[in-house]
Amino acid sequence: MASSLFPTYARYPISLVKGQGSWLWDDQGNRYLDFMCGLAVTNLGHSPEKVKEKLKAQIDELWHVSNLFHIPNQEVAARLLTDNSCADAVFFCNSGAEANEAAIKLARRYHQKVKGTDRYEIITFTQSFHGRTLATLTATGQQKVKEGFLPLPAGFTSVPLHDLPALEAAISDHTAAIMLEIIQAEGGVYIADEQFVQDVAALCRKYGLLLIIDEVQTGMGRTGKMFAHEHYNIEPDIFTAAKGIASGFPAGAMLAKEYLREAFTAGSHGSTFGGTPLATSAMIATIETIVEDKLPQRAAEMGDYLMGQLKEKLTGLSFVKDVRGKGLIVGIECAGPVADLVLEGQKKGLLFVTAGPNVIRLLPNLLVTTEEIDQAVDILVSIIEQHTAKEESLV
Ligand SMILES: *Cc1c(COP(=O)(O)O)cnc(C)c1O
C-alpha cells in the first residue's frame with residue numbers, strides 16, 4: 001500500500017518497536033545496540049526510569065495550559081539550566097530549529113530595540129547545521145538544505161571554519177551576531193580549535209557582536225561538559241539546546257545572559273507548546289539525572305575509553321583517515337563513502353549514523369557501559385576491516 005507520508009526521509013528498512021537502556025528491538029524481534037540515540041536525543045538511554053516516572057505522574061495531573069498562565073515546572077526547568085550553565089534567562093520551545101530561530105530573533109531585537117542600531121546580519125560557518133526553518137536553513141552553512149527554497153531570508157552569510165581573516169572581513173555595520181557550532185556534528189564531527197573559538201569571542205567583543213553557540217547536538221552533557229563551550233573557556237551571549245534536553249520528549253531551549261533579558265518583552269516572541277507542563281516534567285527529570293549522576297564526567301570518561309579503543313583497533317586500516325571526538329560524540333573519518341557501512345552495522349546489530357558522506361558518527365547514550373562499547377567497537381572493526389579488504393581487492 002502506498003504511504004500517506006511525504007517522502008522526506010530515506011528510511012532504513014527497520015521498524016523499531018521497543019527500547020531499553022542502550023538497546024532497541026525491531027518488529028521482527030532483532031536486537032540492536034544503539035550508538036546513535038535517535039540523533040543525540042536519548043542521552044539517558046531508552047525509557048530512563050526517573051523520566052518515565054515523572055512523565056507518568058504528570059500525565060495524571062496536567063498536560064497543557066498555554067503560556068498565558070504561570071507554569072511552575074517551567075521555572076524549575078529554567079532554574080536547573082541557569083544553575084548549571086553561564087546563562088541567566090531561558091526561553092522554551094519545541095525543537096533545535098526553533099531554539100536557533102529564537103536566538104536569531106533575540107540577537108536582532110537586542111541590537112534594534114535595546115541598542116538602537118541597524119544590525120541584523122548573522123555570520124555562520126561553512127558545513128554548519130542549524131535547522132530546517134527558513135531562517136535556520138539559511139543560517140546553515142551546507143548548501144544541500146537550501147535547494148529549491150528560494151528566495152531565502154536576507155541577513156545571513158557564512159565563512160569557512162578556522163578562517164579568522166575571512167570572518168573579520170565579513171563583519172560590517174549590519175552584523176548582529178556570529179553563530180557557531182563548536183563541534184560541527186552533522187557536517188562531519190569537525191571540532192573547532194580552542195584558539196579559534198577564543199579569537200571569535202574576541203572579535204565579538206571588539207565589534208560589539210553577540211556570540212551565539214548552537215549546542216543543540218553538543219549540549220546536555222554529551223561532550224563531557226554540560227555544554228561544549230565550557231571546554232573553551234568562553235561564555236557565549238546566547239546558546240541553544242534541544243536534542244538531549246528531555247530524553248526524547250520534543251523540547252528546546254534558548255538560553256542567554258542577563259543583559260539580553262530586556263530585549264524580549266511581553267508579546268515579542270512566543271510558542272503555543274513551548275515548555276508545557278508535560279515537556280518541562282521530562283526536562284526536569286532529565287536535567288536532574290544529568291547533574292546528580294554526574295553524566296558529563298561519565299561521558300568524558302566513556303568517550304576517552306571509546307576513542308582509545310577505536311584508535312588502537314583501527315590503526316593500520318587504510319580506509320580510516322582519522323578518529324576524533326569529544327566525550328561521546330565521535331567521528332571516524334574514512335577514505336570514501338560510509339553509507340554501506342551503516343547498513344552492514346545494522347545487519348550485525350549496531351546502529352550508528354554518518355556525518356557527511358565519509359564520516360561515521362557515534363552517539364551512544366551517556367550511561368553506556370564499557371562492555372557495550374567493547375561490543376560496538378568489535379562490530380565496527382569487523383565491518384571496517386571487511387570494507388578495507390574489499391576496497392584493496394578492487395585496486
Ligand atoms: C539537529 C540540530 C538542529 C535542528 O534541530 P531540530 O530539532 O531538528 O530542529 C540544529 N542545530 C544542530 C547543531 C543540530 O544538530
Side-chain angles (χ1 to χ4, degrees), residues 9 34-43 95-100 103 124-133 136-137 139-145 158 160-162 178-194 196-197 200 212-232 236 239-245 248 251-254 295-296 299-300 302-303 306-307 310 321-334 338-339 341-342 351-366 368 376:
Y9 305 100
D34 182 5
F35 265 49
M36 59 179 282
C37 283
L39 285 160
V41 170
T42 52
N43 281 7
S95 68
E98 276 178 82
N100 287 335
T124 64
F125 295 89
T126 319
Q127 283 300 111
S128 62
F129 182 80
H130 298 298
R132 301 283 194 162
T133 63
T136 58
L137 75 81
T140 293
Q142 302 178 47
Q143 203 49 40
K144 63 180 185 194
V145 303
S158 41
L161 189 70
H162 294 147
I178 297 172
M179 183 157 156
L180 171 68
E181 229 188 322
I182 244 165
I183 300 178
Q184 292 186 334
E186 304 282 338
V189 192
Y190 294 109
I191 303 166
D193 292 342
E194 180 155 359
F196 180 72
V197 173
V200 171
I212 305 171
I213 306 287
D214 179 345
E215 297 257 13
V216 168
Q217 190 151 161
T218 53
M220 312 317 296
R222 176 160 292 281
T223 68
K225 301 272 187 194
M226 186 59 119
F227 293 100
H229 64 256
E230 294 164 30
H231 291 287
Y232 289 81
F239 59 99
T240 53
K243 287 190 165 107
I245 203 170
M254 187 275 290
L295 295 189
M302 289 297 150
L306 173 58
M307 291 257 289
L310 288 170
K321 293 288 162 212
D322 190 23
V323 177
R324 57 177 175 258
K326 242 189 180 44
L328 287 171
I329 174 166
V330 173
I332 306 171
E333 183 167 341
C334 296
V338 293
L341 279 76
V342 172
L351 303 183
F352 55 89
V353 285
T354 60
N358 296 354
V359 179
I360 289 171
R361 181 169 32 147
L362 305 177
L363 301 160
N365 72 72
L366 313 191
V368 70

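Note that this is a predicted model, so its numbers are computed, not measured.
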Asker: Which atom names give the shortest non-hydrogen contact between L366 and M220, and what distance separates them?
Answerer: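 Looking at all heavy atoms of both residues, the closest pair is CD1-O, 3.7 Å.
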Asker: Might you point out which heavy atoms bring V338 and N358 nearest each other, and give the distance in Å?
Answerer: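 Reported closest heavy-atom pair: CG1-O, 3.7 Å.
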Asker: Are V216 and F129 close enough that some pair of their side-chain heavy atoms sits under 4.5 Å apart?
Answerer: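 They are not in side-chain contact.
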Asker: Between atom NZ of K321 and atom CD1 of I332, what is the distance when rounded to the nearest 0.5 Å?
Answerer: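 Between K321 NZ and I332 CD1, I get 14.0 Å after rounding to 0.5 Å.
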Asker: Determine whether F239 and M254 make a side-chain contact, defined as any pair of heavy atoms from C-beta on separated by less than 4.5 Å.
Answerer: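 Not in contact.
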Asker: Find the distance between CG (L341) and SG (C334) and round it off to the nearest 0.5 Å.
Answerer: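 Output value for this atom pair is 6.5 Å.
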Asker: Rounded to the nearest 0.5 Å, what's the gap from CD1 on I329 to CD on Q217? Could you check?
Answerer: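 Reported to 0.5 Å precision, the distance equals 4.5 Å.
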Asker: For the pair V145 and H130, evaluate side-chain contact (heavy atoms from CB on, under 4.5 Å) and give the outcome as yes or no after the intermediate values.
Answerer: CA-CA 10 Å; V145 303; H130 298 298; over 6 Å; no
Asker: Scan T140, D214, T133, T124 and name whichever one has a side chain to side chain donor-acceptor pair (under 3.5 Å) with N100.
Answerer: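 Testing N100 for a side chain to side chain donor-acceptor pair (under 3.5 Å) against T140, D214, T133, T124 leaves exactly one candidate, D214.
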Asker: Verify, without hydrogens or angle tests, whether H162 (side chain) and D193 (backbone) share a donor-acceptor contact under 3.5 angstrom.
Answerer: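 Yes, the answer is positive, given that a donor and an acceptor are paired below the 3.5 Å cut-off.
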Asker: Could you tell me whether a side-chain N or O of E215 sits under 3.5 Å from a main-chain N or O of A228, the two making a donor and an acceptor?
Answerer: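 Pair found, side chain donor or acceptor close to backbone of A228.
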Asker: Side chain of Q142, backbone of S128: donor and acceptor closer than 3.5 Å?
Answerer: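 A pair under 3.5 Å: yes.
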Asker: If you take the centroid of each ring, where Trp contributes its six-membered ring, are F125 and F196 closer together than 6.0 Å?
Answerer: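 Centroid distance F196-F125: below 6.0 Å, so yes.
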Asker: Is the shortest heavy-atom distance from the side chain of L310 to the side chain of L362 under 4.5 Å?
Answerer: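 The answer is yes; the side chains approach within 4.5 Å.
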Asker: Look only at the side chain of Y232 and the backbone of A192, and say whether a donor-acceptor pair between them is shorter than 3.5 Å.
Answerer: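 It does hold such a pair.
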Asker: Is there a donor-acceptor pair under 3.5 Å between the side chain of R361 and the backbone N or O of G331?
Answerer: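 No, the answer is negative, given that no donor and acceptor are paired below the 3.5 Å cut-off.
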Asker: Can you find a pair of side-chain heavy atoms, one from Y190 and one from E181, that are under 4.5 Å apart?
Answerer: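 The answer is no, as the side chains (C-beta and beyond) never meet within the 4.5 Å cut-off.
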Asker: Output all residues satisfying side chain to side chain contact (heavy atoms under 4.5 Å, CB included) with P357, sequence neighbours left out; order by chain, then residue number.
Answerer: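 By the side chain to side chain contact (heavy atoms under 4.5 Å, CB included) rule, P357 matches no residue at all.
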Asker: The criterion is side chain to side chain donor-acceptor pair (under 3.5 Å); which residues satisfy it with N43, sequence neighbours excluded?
Answerer: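 Counting only residues at least two positions away or on another chain, N43 forms a side chain to side chain donor-acceptor pair (under 3.5 Å) with R222.
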Asker: Among M307, H231, K225, find the one that has a side chain to side chain contact (heavy atoms under 4.5 Å, CB included) with K326.
Answerer: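 So, applying the side chain to side chain contact (heavy atoms under 4.5 Å, CB included) to K326 and each of M307, H231, K225, only H231 qualifies.
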Asker: Tell me the closest heavy-atom pair linking A99 and A241, and the distance in Å.
Answerer: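 Between these two residues, the closest heavy atoms are CB-O, 3.9 Å.
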Asker: Show the numbers, then the answer: is there a side-chain contact (heavy atoms from CB on, under 4.5 Å) between T218 and F227?
Answerer: CA-CA 7 Å; T218 53; F227 293 100; over 6 Å; no
Asker: Looking at every non-hydrogen atom in both residues, tell me the closest pair between T136 and G131 and how far apart they are.
Answerer: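 Residues T136 and G131, closest heavy atoms: OG1-C, 3.1 Å.
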Asker: Check the pair D34, N365 against side-chain contact (heavy atoms from CB on, under 4.5 Å), reporting the backbone distance first and the verdict last.
Answerer: CA-CA 8 Å; D34 182 5; N365 72 72; over 6 Å; no
Asker: Are the side chains of L161 and L180 in contact, using a 4.5 Å heavy-atom criterion?
Answerer: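 When only atoms from C-beta onward are counted, L161 and L180 do touch, with a gap below 4.5 Å.
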Asker: Closest approach of A103 and T240, non-hydrogen atoms and distance?
Answerer: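 Nearest pair, atom of A103 first, then T240: CB-CG2, 3.9 Å.
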Asker: How long is the gap from CG on L363 to CZ on F352, to the nearest 0.5 Å?
Answerer: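 Here the rounded value is 11.5 Å.
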Asker: Which heavy atom in G221 sits nearest to a heavy atom in A299, and how many Å separate them?
Answerer: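 Looks like O-CB, 3.3 Å.
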